[in-house]
K.L.:
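Let me begin by handing over the structure; questions about it come next.
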Number of protein chains: 2
Amino acid sequence: MVTIYDIAAQAGVSAMTVSRVINNTGKISDKTRAKVKRIMEQLGYVPNQTARSLVLHQTRILFLLITDINNPFYTTLARGAEDAANKNGFRLLFGNSDENLDKEDEYITTILMTRADGVLIAPAGDPSLPHLETLRRHKVPFVLLDREVPGIECDVVLGDSKEGGRRLAQHLAARGHRRIALINGSPSVSSARLRLQGYQEAMKLSDLPGEEGYVYETSFGPQSDLSGIEAWLDGMSLLPTAIVAGNNVLAVEVIRVLRKRGISVPDEVSLVCFDDLGPYSEVDPFLTVFAQQAYQFGYMGMQMLIERIQDREGSGPWKKIVLPGELIIRRSVANLPDGNSEDRSAD
Amino acid sequence: MVTIYDIAAQAGVSAMTVSRVINNTGKISDKTRAKVKRIMEQLGYVPNQTARSLVLHQTRILFLLITDINNPFYTTLARGAEDAANKNGFRLLFGNSDENLDKEDEYITTILMTRADGVLIAPAGDPSLPHLETLRRHKVPFVLLDREVPGIECDVVLGDSKEGGRRLAQHLAARGHRRIALINGSPSVSSARLRLQGYQEAMKLSDLPGEEGYVYETSFGPQSDLSGIEAWLDGMSLLPTAIVAGNNVLAVEVIRVLRKRGISVPDEVSLVCFDDLGPYSEVDPFLTVFAQQAYQFGYMGMQMLIERIQDREGSGPWKKIVLPGELIIRRSVANLPDGNSEDRSAD
DNA sequence: CGCTAAAATGTTATCGGTAACATCAACTTA
DNA sequence: TAAGTTGATGTTACCGATAACATTTTAGCG
């Protein structure tokens with residue numbers, strides 16, 4: 001491995017001079033600079049970031065931890081974060097926690113060990129608190145994405161989950177649905193709680209009681225198998241005419257189960273969900289969704305993070321950005337005869 | 001920041017003793033071990049990987065560089081790589097090159113700087129050669145995924161692109177299509193070249209000439225805008241009755257353009273492509289695809305990489321794994337009247 | 001009890017960089 | 001021309017860990 005000492009020896013200068021050339025600091029004569037550069041070129045020198053960050057206490061590397069690398073919401077978010085990071089001269093690494101606290105914990109350790117300068121994190125849920133406290137204790141700046149965690153003050157970028165839950169349920173009610181069920185992420189995830197609240201408010205507003213067992217709380221991540229959803233649907237005495245899914249992954253899984261049971265969407269059961277399916281909505285504009293600005297989540301979150309890192313003064317007040325979503329009406333909702341086909345929720 | 005010296009001072013031992021406790025090496029009395037561990041706990045000590053890898057010359061961190069983080073083929077592949085890495089006690093970081101040589105170059109630098117122990121890489125194309133040579137020169141083990149690069153010998157996991165191209169075109173021919181077009185990735189990407197070859201062979205076999213301008217070569221990544229595809233379609237004197245897309249991203253973009261022009265798939269134009277759309281094929285099993293074993297690409301590639309890393313002996317011969325794909329017939333292909341509705345390519 | 005082997009722990013040098021301070025020549029300026 | 005600047009470069013110590021070797025303590029045994 002080529003080091004600055006090799007370069008220095010070849011060039012007949014000291015290591016410090018080489019370091020100065022690399023970092024463009026101090027005064028170096030043009031002749032020396034040219035010579036050192038030429039030799040670095042020849043020897044294919046690459047600075048050892050490991051050594052450098054050991055002394056500098058910074059890496060110019062940022063980290064994005066998402067909970068589901070297969071979910072287009074998060075990959076689109078990742079592209080936003082990436083663009084913002086690169087624009088500011090930072091490198092970005094990704095990790096995937098799978099909505100799993102242990103994997104998240106592993107990644108927190110990796111982040112601390114690699115001494116990333118900052119972290120953008122979609123926490124697995126409220127129990128992520130100790131992980132965030134660890135980051136805080138180690139003075140690693142972080143910004144939360146998509147989910148808040150009670151007990152910690154920090155910058156955060158959120159969607160309007162409550163509003164979304166309300167809009168989705170209202171949309172169904174406006175189309176005449178009265179038996180509206182909800183499949184949601186874990187109540188330990190703040191966005192899931194708000195989506196539930198929004199759904200409940202809309203139900204109350206439309207004077208819909210919500211049958212026993214209509215709300216099913218599981219995980220936002222892909223289920224290891226579909227039996228939980230199957231049991232939920234099979235366990236209802238009366239099948240709902242419409243289902244709200246807490247995110248796109250759950251919606252797809254509901255579709256799979258319904259298909260398996262020979263139940264057609266939207267003819268027999270209507271379906272709506274949070275988050276679009278990325279470009280795949282183009283293949284077949286089918287699912288009616290409350291689409292969130294995934295790219296902006298990443299882009300703005302990254303900007304906030306970088307501001308924190310560069311803010312020498314220490315911190316201004318914590319910022320909270322709430323990005324509005326948009327109801328996109330497609331074909332997955334049927335009009336029921338007794339319904340008002342005009343959708344009040346869309347105006 | 002807490003260091004082993006802080007621990008050592010608190011525990012009244014030397015730093016070396018602390019190091020031994022951390023790494024479970026050497027002989028340590030139970031009493032000392034317990035005491036040191038307790039103090040590490042109390043102080044929230046995290047080993048400084050930076051310092052450690054400076055002296056150890058290894059990080060236990062591996063890197064996966066993919067070309068499109070929005071493509072479910074690559075995210076599924078990533079999950080496979082992740083599982084294999086974790087199973088072997090390695091940590092995995094991701095990077096996204098966007099089919100872009102400059103971004104790839106940036107990541108190569110990051111990889112060298114962070115001293116990753118090995119790299120799994122889907123190269124942007126043949127011009128990635130210098131990047132791979134750089135890795136080789138720095139003795140960083142790597143395994144190529146999905147694409148070969150002429151001029152470098154190494155381990156590689158491939159799909160059967162030629163076979164896939166043949167199968168897709170044959171399938172269309174068997175359904176009576178004669179005017180079959182191909183939109184493909186850049187010819188500087190090995191898989192694109194093979195897909196083209198497969199397509200051409202099938203055309204020849206079915207005695208189809210292939211009209212002027214029927215083959216369009218662009219990038220596998222998402223187009224910055226759709227005007228290239230639009231110009232291609234608009235430029236044809238006679239619209240094809242079927243299109244083979246070199247991957248799922250291109251297929252989706254073709255659909256978008258066709259939709260914009262009011263051309264229906266499959267009623268007016270049939271469409272098939274490489275790679276499935278992940279779980280979103282479940283929403284609407286529409287696109288007929290040559291599906292590749294994305295997860296296996298990552299899993300097996302990672303296994304090969306780890307074997308290389310752990311192989312003290314130095315290297316056995318380079319390995320090349322070719323994973324077969326599967327034609328999944330769905331609804332995006334129309335039967336033309338003069339066609340044989342029975343699909344010979346599917347037996 | 002004294003000697004030796006094994007166990008437990010400590011010391012020193014090093015990994016590859018950079019900060020802080022030191023040096024030395026060339027050039028001003030009074 | 002002596003003193004003060006400035007520019008160009010070198011020296012030394014250190015970032016936080018570990019390897020290799022050194023030393024001390026404990027245990028075992030005749």
Side-chain angles (χ1 to χ4, degrees), chain A residues 1-37 39-40 43-61 109-117 138-140, chain B residues 1-37 39-40 43-61 109-117 138-140:
Chain A
M1 203 90 318
V2 182
T3 73
I4 49 169
Y5 294 98
D6 301 325
I7 311 281
Q10 283 271 325
V13 298
S14 75
M16 201 55 222
T17 300
V18 178
S19 175
R20 288 191 181 103
V21 171
I22 293 167
N23 297 291
N24 238 326
T25 54
K27 320 250 175 199
I28 299 287
S29 73
D30 291 345
K31 206 175 63 190
T32 307
R33 184 193 316 280
K35 190 172 184 185
V36 169
K37 280 197 167 168
I39 293 174
M40 290 198 315
L43 273 57
Y45 170 75
V46 175
N48 186 328
Q49 178 64 27
T50 282
R52 184 183 252 164
S53 52
L54 181 57
V55 52
L56 289 183
H57 299 285
Q58 66 141 346
T59 55
R60 304 290 292 176
I61 288 175
T109 306
T110 305
I111 289 165
L112 292 176
M113 291 197 326
T114 55
R115 297 299 199 258
D117 287 350
H138 288 269
K139 301 201 197 332
V140 180
Chain B
M1 205 88 320
V2 183
T3 73
I4 50 169
Y5 295 98
D6 301 325
I7 311 282
Q10 282 270 325
V13 298
S14 76
M16 202 53 223
T17 300
V18 177
S19 175
R20 289 193 180 101
V21 170
I22 293 169
N23 297 291
N24 239 326
T25 53
K27 320 247 179 200
I28 299 285
S29 74
D30 291 346
K31 206 175 62 188
T32 307
R33 184 193 315 281
K35 189 173 184 183
V36 168
K37 279 196 168 167
I39 292 174
M40 289 198 316
L43 271 58
Y45 170 76
V46 175
N48 186 326
Q49 179 64 28
T50 282
R52 184 183 254 165
S53 53
L54 182 58
V55 54
L56 289 183
H57 299 287
Q58 65 141 345
T59 55
R60 303 291 291 176
I61 288 175
T109 305
T110 305
I111 289 164
L112 292 176
M113 292 197 326
T114 55
R115 298 299 200 256
D117 287 350
H138 288 269
K139 301 202 197 330
V140 180

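Treat the numbers as computed from the prediction; the structure is a model and nothing was measured. In what follows, chains carry the letters A, B, and so on, assigned in the order in which the sequence lines appear, proteins first and then strands, with residues in each chain numbered from 1. Just so it is clear, the values below take in all heavy atoms, side chains as well, and ignore hydrogens, waters and symmetry mates.
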K.L.:
So, is B:Y5 near the phosphate of D:dT18, with a side-chain N or O under 4.0 Å from OP1 or OP2?
P.N.:
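Answer is no, no contact under 4.0 Å.
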K.L.:
Touch check for B:L56, heavy atoms < 4.0 angstrom, all strands: base, sugar-phosphate only, or nothing?
P.N.:
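Sugar-phosphate contact only.
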K.L.:
Measure from the side chain of A:M16, starting at C-beta and using heavy atoms only, and say which of D:dG16, D:dG10, C:dG17 lies closest.
P.N.:
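Closest nucleotide among those given: D:dG10.
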K.L.:
Has B:R52 got a side-chain N or O lying under 4.0 Å from the OP1 or OP2 atom of D:dG16?
P.N.:
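No.
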K.L.:
Using modelled atom types and a 3.5 Å cut-off, is there a donor and acceptor pairing between side-chain atoms of A:S53 and backbone atoms of A:L56?
P.N.:
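Not a single qualifying donor-acceptor pair exists.
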K.L.:
Would a distance-only check, ignoring hydrogens and angles, find a side-chain to backbone donor-acceptor pair under 3.5 Å from B:D6 to B:T3?
P.N.:
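Answer holds: yes.
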K.L.:
Tell me which of B:G26 and A:N23 sits closer to the 5' end of DNA chain C, going by the nucleotide each one is nearest to.
P.N.:
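The residue mapped nearer the 5' terminus is B:G26.
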K.L.:
According to a strict under-4.0 Å criterion, is A:S19 in side-chain N/O contact with OP1 or OP2 of C:dT18?
P.N.:
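Yes, because at least one side-chain N or O of A:S19 sits under 4.0 Å from OP1 or OP2 of C:dT18.
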K.L.:
May I ask you to verify if any side-chain N or O of B:K27 is less than 4.0 angstrom from the OP1 or OP2 atom of C:dA8?
P.N.:
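Checking B:K27 against C:dA8: no side-chain N or O falls below 4.0 Å of OP1 or OP2.
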K.L.:
Among C:dG17, D:dT9, D:dA17, which is the nearest nucleotide to the side chain of A:T17?
P.N.:
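When the side chain of A:T17 is considered, D:dT9 is the closest of C:dG17, D:dT9, D:dA17.
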K.L.:
Consider the side chain of B:A51, meaning its heavy atoms from C-beta on, and name the nucleotide among C:dG10, C:dC15, D:dA17 that approaches it most closely.
P.N.:
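Of the candidates, D:dA17 comes closest.
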K.L.:
With respect to the side chain of B:I28, which nucleotide from C:dT9, D:dT18, C:dT18 is positioned closest?
P.N.:
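Shortest atom-to-atom distance from the side chain points to C:dT9.
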